[in-house]
Visitor: 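First the structure, which I've put down as structure tokens, then a few questions once you've had a look.
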Amino acid sequence: MDFHFSEEQLQIQSIARDFAQKRIAPVAAEFDKSGEFPLENIQEMGKLGLMGIEVPTEYGGAGMDSISYVLAMIEIAAADCAHSTIMSVNNTLYCNGLLKFGSEEQKNKYVTPIASGEAIGAFALTEPQSGSDATAMRCRAVKQPDGSFIINGKKSWITSGPVAKYILLFAMTDPDKHARGITAFMIDTAREGFHRGKTEPKLGIRASATCEIEFSDYRATPDEVIGEEGHGFKIAMGVLDAGRIGIASQAVGLARAAYEAALEYARERKAFGAPIGSFQMIQQKIADMKCKLDAALLLTLRAAWAKQEAAKNNGRFSTEAAVAKLTASEAAMWITHQAVQVHAGMGYSKEMPLERYFRDAKITEIYEGTSEIQRLVIARNETGLR
Ligand code: CAA
């Protein structure tokens, strides 16, 4: 057991922190207000290696480990949750999926431009009528005599959908086989048959663009199938296990920002002739925030470590990822709530970032598997029962 980070891990943490504090934090409120996609910042993050941290350098990434990814995500999320959402989907749901399941040719073609930040990637699983119950999808890909697939259907809540160049799509190729009838495809958004639908007006992470996408007779060639036909659901679940570590890191970053703001305010704000941090009711909040934050951080690092260990023998880390995501997202929601309370009226004001932290925290309990789904995954794995 060693709680020290390596030089390389500290280096990427420092690069991410520097960029987050200088380039993201000063503009986060403005992007939240306008809902504009922060393209220039994302491209800059790509140049720094932050859009493909675990992607080997030969495919345009930084070639670093999962711990480095967690550390960098925390720094970006502490400055702005929306930036970290875009970063997380690019790094884990998109690049990680292709690295694990794509062919050499697919990795060269589809990972390199996305990991380097030249273009943006997205992941499309959810549909208007299927979220947690992902196998209930209706998007169909019908195999043609020449081996290509004609895709029709709709996907919703697609993070970076409005700006993505490529999308990792999951569609039903054999409905009779349910989970085993789903196949993963690489979608080129410039191709005929791909359409973008309405954008989602959201409570938080407003600068991360989210929209519906639709396919009308979109033709995918056989070399655009990712992994084996019928293995799409397992690919989606495996990718989401990694994605959940990204969301846990995001929640930790957000919670840390809210905690640090509350701590500073508790030291400075005076009431009844003393700093409010000297009152036991505020002290209790500070102590509980600190415990939840540390627990979330350590469980997230453990999940990243478990992912690295699992990669050595092609194993799974679903429980560790779900435990981290559940703990960190609920900690972020609780800590941002308490931080608003410590700031009282100022916490409710748009003059401070607390209300944004509070709005942004909610999504971490919802996307990449709700808290209920995380509990289901953990309990099924622990009991062996379904
Ligand atoms: N890794 C690999 N394979 C897995 C797996 C995993 N983590 N979890 C399940 N599988 C396999 C199972 O072993 C099983 O394989 P066999 O057919 O060989 O037995 C198969 O997948 C089906 O598994 P289940 O029977 O457990 O599937 P289920 O229908 O009961 O669903 C679930 C399980 C946990 C509820 C799953 O559907 C789930 O995680 N749902 C939540 C979906 C989700 O997270 N959506 C988020 C959308 S993406 C998003 O938010 C993106 C964004 O833009 C930010």
Side-chain angles (χ1 to χ4, degrees), residues 73 77 81-82 84-94 96-97 100-101 120-137 139 155-164 167-170 172 174 177-184 199-200 202 204-205 208-213 227-228 230-251 303 306-307 310-311 314-323 325-326 329 360 362-381 383-386:
M73 269 293 293
C81 200
S84 69
T85 298
I86 303 160
M87 177 178 165
S88 170
V89 169
N90 226 66
N91 272 274
T92 29
L93 296 192
Y94 183 91
N96 176 73
K100 202 159 169 204
F101 301 101
I120 316 269
F123 174 94
L125 177 70
T126 302
E127 297 186 2
Q129 78 300 324
S130 74
S132 293
D133 185 7
T135 61
M137 69 176 65
C139 184
K155 294 278 169 183
S156 57
W157 287 103
I158 307 309
T159 300
S160 300
V163 291
I167 300 180
L168 180 58
L169 171 82
F170 299 89
M172 191 60 89
D174 192 343
K177 292 188 179 159
H178 307 288
R180 293 178 180 188
I182 294 169
T183 300
T199 49
E200 298 295 346
K202 305 189 298 282
I205 53 162
S208 74
T210 316
C211 72
E212 284 190 347
I213 57 172
E228 283 178 49
H231 283 213
F233 189 70
K234 288 186 186 184
I235 294 176
M237 291 300 112
V239 168
L240 277 167
D241 283 342
R244 287 165 186 168
I245 301 176
I247 302 307
S249 315
Q250 171 179 61
K307 175 172 175 267
N314 212 18
R316 278 170 52 174
F317 51 95
S318 313
T319 303
E320 289 88 346
V323 167
K325 202 240 180 206
L326 177 63
S329 59
D360 286 348
K362 186 61 208 168
I363 192 61
T364 65
E365 294 183 319
I366 298 172
Y367 60 13
E368 302 203 23
T370 60
S371 297
E372 290 75 11
I373 289 296
Q374 306 312 317
R375 289 190 163 88
L376 177 147
V377 169
I378 296 163
R380 276 185 180 180
N381 291 347
T383 62
L385 301 170
R386 295 180 44 93

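Note that this is a predicted model, so its numbers are computed, not measured. Remember, it's 1-based here, ligands and their atoms both numbered in the order they're listed. These values consider heavy atoms only, across backbone and side chains, with no hydrogens, waters or symmetry-generated copies.
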Visitor: Decide yes or no on side chain to side chain contact (heavy atoms under 4.5 Å, CB included) for I158 and F123, but give the supporting numbers first.
Guide: CA-CA 7 Å; I158 307 309; F123 174 94; over 6 Å; no

Visitor: Tell me, which protein residue and heavy-atom name are nearest atom 27 (O) of ligand 1, and how many Å apart are they?
Guide: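 The protein heavy atom lying closest is F233 CE2, 3.6 Å.
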
Visitor: Does G369 reach ligand 1 with a nitrogen or oxygen that is under 3.5 Å from one of the ligand's nitrogen or oxygen atoms?
Guide: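 Such a contact does occur with ligand 1.
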
Visitor: So which protein heavy atom does atom 16 (P) of ligand 1 come closest to, and at what separation?
Guide: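 Heavy-atom neighbour on the protein nearest atom 16 (P) of ligand 1: R180 NH2, 3.2 Å.
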
Visitor: Backbone or side chain, does any N or O of E368 fall under 3.5 Å from an N or O of ligand 1?
Guide: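 Yes: some nitrogen or oxygen of E368 is under 3.5 Å from one in ligand 1.
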
Visitor: Specify the protein heavy atom at minimum distance from atom 48 (S) of ligand 1: its residue, its atom name, and the distance to 0.1 Å.
Guide: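 Going by distance alone, atom 48 (S) of ligand 1 is nearest to F123 CE2, 3.8 Å.
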
Visitor: Is the closest N or O pair between D133 and ligand 1 shorter than 3.5 Å?
Guide: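 By distance alone, the answer is no.
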
Visitor: Say whether, by atom type as modelled, one donor and one acceptor occur between the side chain of K325 and the main chain of T364 under 3.5 angstrom.
Guide: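 Answer holds: yes.
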
Visitor: In the protein, which heavy atom is nearest to atom 40 (N) of ligand 1, and how far is it?
Guide: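 Among all protein heavy atoms, the one nearest atom 40 (N) of ligand 1 is S132 O, 2.9 Å.
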
Visitor: Closest non-hydrogen protein atom to atom 24 (P) of ligand 1, residue and atom name please, with distance?
Guide: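 Atom 24 (P) of ligand 1 sits closest to the protein heavy atom R386 NH1, 3.7 Å.
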
Visitor: Using a strict 4.0 Å cut-off to heavy atoms of S318, name the atoms of ligand 1 that fall inside it.
Guide: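 Listed by number with element, the hits are 7 (N).
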
Visitor: Write out the residue and atom name of the closest protein heavy atom to atom 34 (C) of ligand 1, then the distance separating them to 0.1 Å.
Guide: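 Protein heavy atom with the smallest distance to atom 34 (C) of ligand 1: V377 CG2, 3.8 Å.
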
Visitor: Are the side chain of T210 and the backbone of S208 linked by a donor-acceptor contact shorter than 3.5 Å?
Guide: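 Yes, T210 side chain to S208 backbone: donor-acceptor pair under 3.5 Å.
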
Visitor: In terms of residue, atom name and distance, what is the protein heavy atom nearest to atom 53 (O) of ligand 1?
Guide: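 Result: T159 OG1, 2.7 Å.
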
Visitor: Can you tell which part of R244 has a heavy atom less than 4.0 Å from ligand 1: side chain, backbone, both or neither?
Guide: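 Only the side chain of R244 comes within reach of ligand 1.
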
Visitor: Give the numbers and elements of all ligand 1 atoms closer than 4.0 Å to a heavy atom of T126.
Guide: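 Contacts of ligand 1 toward T126, numbered from 1: 47 (C).
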
Visitor: Quick one: does E212's side chain have a donor or acceptor within less than 3.5 Å of a partner on W157's backbone?
Guide: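 A pair under 3.5 Å: no.
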
Visitor: Under 3.5 Å between any N/O of K234 and any N/O of ligand 1: does that happen in this structure?
Guide: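 The answer is yes, given that K234 and ligand 1 share an N or O pair closer than 3.5 Å.
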
Visitor: Within a distance under 4.0 Å of any heavy atom of D241, pick out the atoms of ligand 1 and give their elements.
Guide: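 Checking each atom against D241, I get 1 (N), 6 (C), 7 (N).
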
Visitor: Considering heavy atoms of the protein only, find what lies nearest to atom 33 (C) of ligand 1 and give residue, atom and distance to 0.1 Å.
Guide: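 Looking at atom 33 (C) of ligand 1, the protein heavy atom closest to it is R380 NH1, 3.8 Å.
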
Visitor: Among K177, R316, M237, which one has a heavy atom closest to atom 13 (O) of ligand 1?
Guide: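 Looking at heavy atoms only, R316 sits closest to atom 13 (O) of ligand 1.
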
Visitor: Is the closest heavy-atom distance from T85 to ligand 1 below 4.0 Å?
Guide: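 Judged by the 4.0 Å heavy-atom criterion, T85 does not count as contacting ligand 1.
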
Visitor: Side chains of L125 and L240, heavy atoms from C-beta outward: is any pair under 4.5 Å?
Guide: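 Of all side-chain heavy-atom pairs linking L240 with L125, at least one is under 4.5 Å.
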
Visitor: Under 3.5 Å, side chain of K307 to main-chain N/O of D241, donor-acceptor pair present?
Guide: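 No, K307 side chain to D241 backbone: no donor-acceptor pair under 3.5 Å.
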
Visitor: Quick one, Y367 and I247 - any side-chain contact, counting heavy atoms below 4.5 Å?
Guide: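 Answer yes - side chains close enough.
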
Visitor: Between N90 and G121, is there a donor-acceptor pair closer than 3.5 Å when you use the side chain of the first and the backbone of the second?
Guide: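 Side chain of N90 to backbone of G121: a pair is present.
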
Visitor: For I373, is there any backbone N or O sitting under 3.5 Å from a side-chain donor or acceptor partner on T370?
Guide: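 Looks like yes, one N/O pair under 3.5 Å.
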
Visitor: Could you check whether atom 43 (C) of ligand 1 has a protein contact, counting only heavy atoms that fall below 4.0 angstrom?
Guide: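 Yes, there is a protein heavy atom closer to it than 4.0 Å.
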
Visitor: Can any side-chain N or O of S130 pair as donor or acceptor with the backbone N or O of T126 at less than 3.5 Å?
Guide: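 Here the side-chain-to-backbone pair does not exist.
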
Visitor: Please check this pair: side chain of S88 against backbone of T85, looking for a donor-acceptor N/O pair closer than 3.5 Å.
Guide: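 Checked: no pair found.
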
Visitor: Which residue from T135, L240, I366 reaches closest to atom 29 (O) of ligand 1 through any of its heavy atoms?
Guide: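 Heavy atom nearest to atom 29 (O) of ligand 1 belongs to T135.
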
Visitor: As an exercise, identify every atom of ligand 1 less than 4.0 angstrom from a heavy atom of L93.
Guide: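 Near L93, the atoms of ligand 1 are 51 (C).
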
Visitor: Set out, in order, the CA-CA distance, both residues' side-chain angles and the distance that settles salt bridge (Lys or Arg N to Asp or Glu O under 4.0 Å) for E368 and R244, then state yes or no.
Guide: CA-CA 6 Å; E368 302 203 23; R244 287 165 186 168; 6.0 Å; no

Visitor: Where the side chain of S249 meets the backbone of I245, is there a donor-acceptor pair that is under 3.5 Å apart?
Guide: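 Yes.
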
